[in-house]
Amino acid sequence: QVVLVESGGDLMRPGGSLRLSCTASGSIVSINAMGWYRQAPGKQRELVALLSSSNITVYGDSVKGRFTISRDNAKNTVFLQMNSLKPEDTAVYSCNAGVRATNSDHYIGVWGQGTLVPVSS
C-alpha cells in the first residue's frame, strides 16, 4: 500500500510565499509523474503543476510565473513553491503521483488527503 501525505498548508496574506511538500511512502517500486492539484469549495478541481520523471513541467495558466514544482526522488517527495499569492489561490491543495507498488504489474494514480491554503487580507 502506498500513501501520499501533504504538509505546509497555512493561512497566508496576499503577496506572501509558501512551500508545500508531499511525501510518498509504502512499498514503492517506482514513481513516474508527480503533481499538484487544487480545489476551492464549490469549484472544479484544477491542475496546478505537473512534473514528469524526465523533468518536463506543466503549469496551470493561473499560476505560471508564480509557482514552481520540484521533486527529490531519493525521498519520494514533491514540492510546490508558491510566490506572490493571491486570494484566488485559496484552495485545498492535493498531490498526486503515478506509482508502481511492490508485486504490482502496473502504475496507479495515488492521491494525498490535501492541505488547506487560505489567502486573505
Side-chain angles (χ1 to χ4, degrees):
Q1 185 176 6
V2 178
V3 176
L4 271 60
V5 179
E6 302 96 340
S7 63
D10 200 3
L11 172 64
M12 300 298 297
R13 303 302 184 190
S17 296
L18 187 68
R19 190 180 76 159
L20 305 181
S21 300
C22 173
T23 298
S25 62
S27 301
I28 301 170
V29 174
S30 62
I31 300 177
N32 285 329
M34 301 186 79
W36 290 93
Y37 295 76
R38 68 185 184 186
Q39 186 171 27
K43 297 183 178 180
Q44 188 175 4
R45 185 177 64 192
E46 64 176 342
L47 172 70
V48 176
L50 185 68
L51 180 59
S52 74
S53 59
S54 58
N55 293 319
I56 297 173
T57 57
V58 178
Y59 291 96
D61 289 339
S62 63
V63 307
K64 288 180 180 177
R66 298 188 297 120
F67 291 9
T68 302
I69 188 171
S70 61
R71 61 193 287 176
D72 183 338
N73 292 325
K75 297 181 179 180
N76 291 330
T77 298
V78 62
F79 304 95
L80 183 68
Q81 178 65 47
M82 304 185 293
N83 298 325
S84 301
L85 284 163
K86 304 175 181 179
E88 50 263 45
D89 294 320
T90 296
V92 173
Y93 286 74
S94 301
C95 64
N96 174 267
V99 178
R100 180 172 181 264
T102 301
N103 297 322
S104 176
D105 60 358
H106 62 279
Y107 287 85
I108 61 171
V110 180
W111 290 90
Q113 292 296 312
T115 186
L116 178 63
V117 181
V119 184
S120 176
S121 60

Reported [atom1]-to-[atom2] distance for the pair [X] and [Y], which is rounded to 0.5 angstrom:
{"X": "Thr90", "Y": "Met12", "atom1": "OG1", "atom2": "CE", "value": "11.0 Å"}
{"X": "Met34", "Y": "Leu50", "atom1": "CE", "atom2": "CG", "value": "10.5 Å"}
{"X": "Tyr37", "Y": "Ser94", "atom1": "OH", "atom2": "OG", "value": "11.0 Å"}

Side-chain donor-acceptor contacts of residues 107-121 below 3.5 Å, not counting sequence neighbours, with atom names and distances?
| unit_1 | atom_1 | unit_2 | atom_2 | d |
| --- | --- | --- | --- | --- |
| Tyr107 | OH | Ser30 | OG | 2.5 |
| Thr115 | OG1 | Gly9 | N | 3.2 |

| note | For Phe79, the hydrophobic cluster (side chain heavy atoms closer than 4.5 Å, chained through members) also holds none
Contact summary for [X] and [Y], nearest pair of heavy atoms:
{"X": "Ser70", "Y": "Val78", "result": "O-CG2, 3.2 Å"}
{"X": "Ser53", "Y": "Ile31", "result": "CB-O, 4.4 Å"}
{"X": "Gln39", "Y": "Arg45", "result": "NE2-N, 3.7 Å"}

| task | Look only at the side chain of Arg66 and the backbone of Ser84, and say whether a donor-acceptor pair between them is shorter than 3.5 Å. | result | yes
Only distances under 3.5 Å count here; give the side-chain donor-acceptor pairs of residues 16-24 to other protein atoms, sequence neighbours excluded, each with its distance to 0.1 Å.
| unit_1 | atom_1 | unit_2 | atom_2 | d |
| --- | --- | --- | --- | --- |
| Ser17 | OG | Asn83 | OD1 | 2.9 |
| Thr23 | OG1 | Thr77 | OG1 | 2.9 |

What pairs of donor and acceptor atoms, side-chain ones from residues 54-62 against any protein atom, are under 3.5 angstrom apart with sequence neighbours left out?
| unit_1 | atom_1 | unit_2 | atom_2 | d |
| --- | --- | --- | --- | --- |
| Ser54 | OG | Ser52 | OG | 3.1 |
| Tyr59 | OH | Ile69 | N | 2.9 |
| Asp61 | OD1 | Lys64 | NZ | 3.1 |
| Ser62 | OG | Arg38 | NH2 | 3.0 |

| message | Strictly by disulfide bond (SG atoms under 2.5 Å apart), give each pair with a member in residues 42-89 just once, sequence neighbours left out. | response | none
| request: Sequence neighbours left out, what passes side-chain contact (heavy atoms from CB on, under 4.5 Å) with Val5? Give chain and number order. | output: Val3
